[in-house]
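Report on the following structure.
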Amino acid sequence: MEIGTQLFSKQHPSYSFALTGVDGGNYLSLLRTRAISDNMPDMYMIDNLDTAIDFIRSGYAMDLSNQPSLANIDERYLSGVKTSDGRIWALPIDVNGVGVIYNKEAFAKANIKEPPTTWQQFIEACQSLQNVGIIPIAAGYKDAWTISWDLAADMLANQYAANPTWFADIEAGKTSFKDNQIQFKEILQRFGERLKYVNRRPFETDWNQAQMLLAEGKAGMIINGTWTVDGVKSKNPASNLGLFAFPYSTDPQKAIFGLKSTGGIVVNPKSPHKEAALQALELFATQQMGNIFQTNKKALSVIKGLPKDFDPTYIELDSTYIQTGKTYDWSSLYIDFVNQDLQKVFINAITKFIIDPSHNVDTCIQELDHAFNQQRRASK
């Protein structure tokens with residue numbers, strides 16, 4: 001964002017920006033506090049439209065549907081910033097995916113010829129890596145948010161296939177973990193099966209350390225978002241990385257890659273500088289800015305007509321998944337519960353599951369349903 005705002009200020013010297021960086025876990029709370037005091041910024045970022053719908057209702061988000069800047073955006077990536085009535089509330093910036101990031105040199109040392117496309121092949125790849133002294137999966141559970149993302153590739157694919165509203169249904173008590181609507185039991189079973197392939201003491205390993213393991217080829221894989229590519233390459237630019245869809249099934253055709261636009265930039269219509277903000281949006285929607293984002297952030301841009309060969313990692317993603325239609329849109333799917341109390345309950349239960357040497361699936365599911373029922377009663 002800083003590069004774009006600096007470029008805009010250079011082109012429009014009468015304007016300057018004051019950027020505020022906030023920890024992701026506190027960001028929405030800060031915005032809501034500012035909304036209550038009618039002190040919202042001229043422009044702000046959102047990641048998920050559904051969790052920020054209150055800003056639209058309270059008049060702090062401008063309808064951008066007819067703005068010329070949107071003409072440059074690939075229509076496939078507008079669903080994440082569009083409400084059911086077709087109105088668009090943010091300018092998306094880049095595309096995030098969720099899957100497996102792997103070190104090609106580590107795979108070569110383990111004689112793994114190509115990325116696995118079935119669950120059995122995935123476990124065999126883990127074993128092959130372990131056999132040559134390479135940690136199969138890097139885990140940085142000291143940063144608790146990575147636990148959700150370690151599960152995300154499996155959970156999102158199953159939500160997409162079975163019940164896109166599963167998280168909301170669980171929160172509302174319309175279904176339970178035991179009901180197994182998105183094959184949650186099988187998701188936990190697979191998680192438990194692959195936990196023996198993560199690095200030792202994962203709760204003493206943070207996200208930076210996990211990325212370093214992959215960057216140095218000491219680990220073969222990380223299961224997380226595509227932003228991991230930038231993080232790993234910032235530690236070792238020579239890292240030879242690839243991306244593949246998490247192969248949760250026995251059917252290789254179900255190994256499809258989840259992609260979505262990552263929310264985007266919202267304009268506050270109550271701002272005295274809203275016209276300048278709209279001009280800034282036009283800059284962010286140019287191919288010039290798209291190229292800057294791809295080159296510097298190592299992430300796919302939403303801008304039409306840009307090459308996918310800005311980084312070798314994305315050439316494989318493009319040819320194997322995007323060009324062949326083996327992707328799904330997870331804009332409306334979740335990896336976390338909106339209710340933060342329920343989210344804490346969920347992470348606590350999954351943490352106990354990880355620590356439990358037996359990784360008992362039935363016990364975890366029983367504890368989740370019991371804890372969620374208690375939390376719902378307490379919040380009434």
Side-chain angles (χ1 to χ4, degrees), residues 47-51 79-80 96-100 116-120 122-123 137 144-195 223-225 244-260 321 326-354 356 359-373 375-376:
D47 181 55
N48 188 302
L49 196 62
D50 290 343
T51 59
S79 57
N96 275 344
V98 61
V100 185
T117 57
T118 67
W119 178 244
Q120 183 60 38
F122 180 82
I123 293 299
I137 304 168
W145 68 268
T146 65
I147 296 173
S148 292
W149 283 101
D150 208 336
L151 282 168
D154 204 344
M155 292 188 71
L156 288 170
N158 279 278
Q159 286 177 71
Y160 178 76
N163 181 8
T165 63
W166 181 78
F167 267 84
D169 291 346
I170 288 281
E171 284 205 15
K174 294 179 180 178
T175 188
S176 67
F177 292 94
K178 186 179 179 181
D179 286 343
N180 209 32
Q181 284 191 357
I182 64 164
Q183 305 298 306
F184 184 72
K185 181 175 182 177
E186 288 73 16
I187 290 168
L188 274 186
Q189 286 172 338
R190 284 188 290 272
F191 188 45
E193 190 175 350
R194 60 184 167 89
L195 280 171
I223 303 168
N224 208 287
F244 66 87
F246 184 78
Y248 70 93
S249 173
T250 57
D251 181 1
Q253 296 304 313
K254 291 184 178 179
I256 57 178
F257 210 97
L259 294 173
K260 74 157 188 170
Y321 298 100
K326 296 181 71 173
T327 65
Y328 66 92
D329 180 3
W330 61 281
S331 299
S332 61
L333 306 177
Y334 289 86
I335 69 146
D336 293 319
F337 292 94
V338 175
N339 183 311
Q340 289 303 296
D341 291 328
L342 292 180
Q343 178 62 18
K344 289 175 184 176
V345 167
F346 180 74
I347 292 298
N348 287 341
I350 299 300
T351 298
K352 287 178 64 177
F353 176 80
I354 296 169
D356 172 16
H359 307 309
N360 191 300
V361 171
D362 291 332
T363 298
C364 182
I365 288 175
Q366 289 171 7
E367 289 184 357
L368 278 167
D369 277 329
H370 177 70
F372 267 56
N373 286 333
Q375 187 61 50
R376 290 191 201 96

- Message: For the CG atom of D251 and the OG1 atom of T118, what is their distance to the nearest 0.5 Å?
- Response: 9.5 Å
- Note on the structure: Correct closest heavy-atom pair for A153 and G99 would be CB-CA, 4.1 Å
- Closest non-hydrogen atom pair, H359 against G192: CD2-O, 3.6 Å
- Query: If you take all heavy atoms of A371 and V345, which pair is closest and at what distance?
  - Reply: CB-CG1, 3.3 Å
- Does atom NZ of K352 have more than 12 heavy-atom neighbours from other groups under 6.0 Å away? no
- At their closest point, which heavy atom of S331 faces which heavy atom of S79, and how far apart are they? OG-OG, 3.4 Å
- Could you state the interatomic distance from CG (L368) to CD (Q375), rounded to the nearest 0.5 Å? 12.5 Å
- Gap separating the CG atom of L188 from the CG atom of N360, nearest 0.5 angstrom: 10.0 Å
- Item | C364 versus A349, closest heavy-atom pair with distance | SG-O, 4.0 Å
- Output, in order, the C-alpha distance, side-chain angles, deciding distance and verdict of side-chain contact (heavy atoms from CB on, under 4.5 Å) for T327 and I256. CA-CA 5 Å; T327 65; I256 57 178; 5.9 Å; no
- Task: Kindly write out the residues that satisfy ring-ring contact (aromatic ring centres under 6.0 Å, His included) with F246, not counting sequence neighbours, or none if the list is empty.
- Result: W119, F122
- Item | Short side-chain to backbone donor-acceptor contact, D369 and F177, under 3.5 Å | yes
- Applying ring-ring contact (aromatic ring centres under 6.0 Å, His included) to Y328 and not counting sequence neighbours gives Y160
- Item | Distance, nearest 0.5 Å, that separates CG of D336 from CH2 of W145 | 11.0 Å
- Close side-chain approach of Q343 and I347, heavy atoms under 4.5 Å: yes
- Any side-chain heavy-atom pair of L156 and Q159 under 4.5 Å: yes
- Message: So D362 and K185, do their side chains get closer than 4.5 Å, heavy atoms only?
- Response: yes
- Query: Which distance, rounded to the nearest 0.5 Å, do you find between the OG1 of T351 and the CD1 of I147?
  - Reply: 3.5 Å
- When rounded to the nearest 0.5 Å, the distance separating CG of D356 from CD of E367 is 9.0 Å
- Message: Run the side-chain contact (heavy atoms from CB on, under 4.5 Å) test on Y321 and F244 for me, step by step, so that the C-alpha distance in whole Å, both residues' side-chain angles and the decisive distance to 0.1 Å come before the verdict.
- Response: CA-CA 9 Å; Y321 298 100; F244 66 87; 3.4 Å; yes
- Message: Tell me which one of F337, F353, Y334 satisfies ring pair (Phe, Tyr, Trp, His ring centres under 6.0 Å) with F346.
- Response: F337
- D179 side chain to S176 main-chain N or O, any donor-acceptor pair under 3.5 Å? yes
- Task: Using the side-chain contact (heavy atoms from CB on, under 4.5 Å) rule, take E186 and V361 through it: C-alpha gap first, then chi angles, then the decisive distance, then the call.
- Result: CA-CA 9 Å; E186 288 73 16; V361 171; over 6 Å; no
- Task: Would you please test N96 and V98 for side-chain contact (heavy atoms from CB on, under 4.5 Å) and show each step?
- Result: CA-CA 7 Å; N96 275 344; V98 61; over 6 Å; no
- Query: Salt bridge or not for D150 and R194, using N-O below 4.0 Å?
  - Reply: yes
- Judged by atom type as modelled, is there a donor-acceptor pair below 3.5 Å linking the side chain of E171 to the main-chain atoms of V338? yes
- Message: Tell me the closest heavy-atom pair linking I350 and F191, and the distance in Å.
- Response: CG2-CE2, 3.9 Å
- Could you pull out all residues at least two apart from N163 that satisfy side-chain contact (heavy atoms from CB on, under 4.5 Å)? T165, W166, D169, Q181, I182
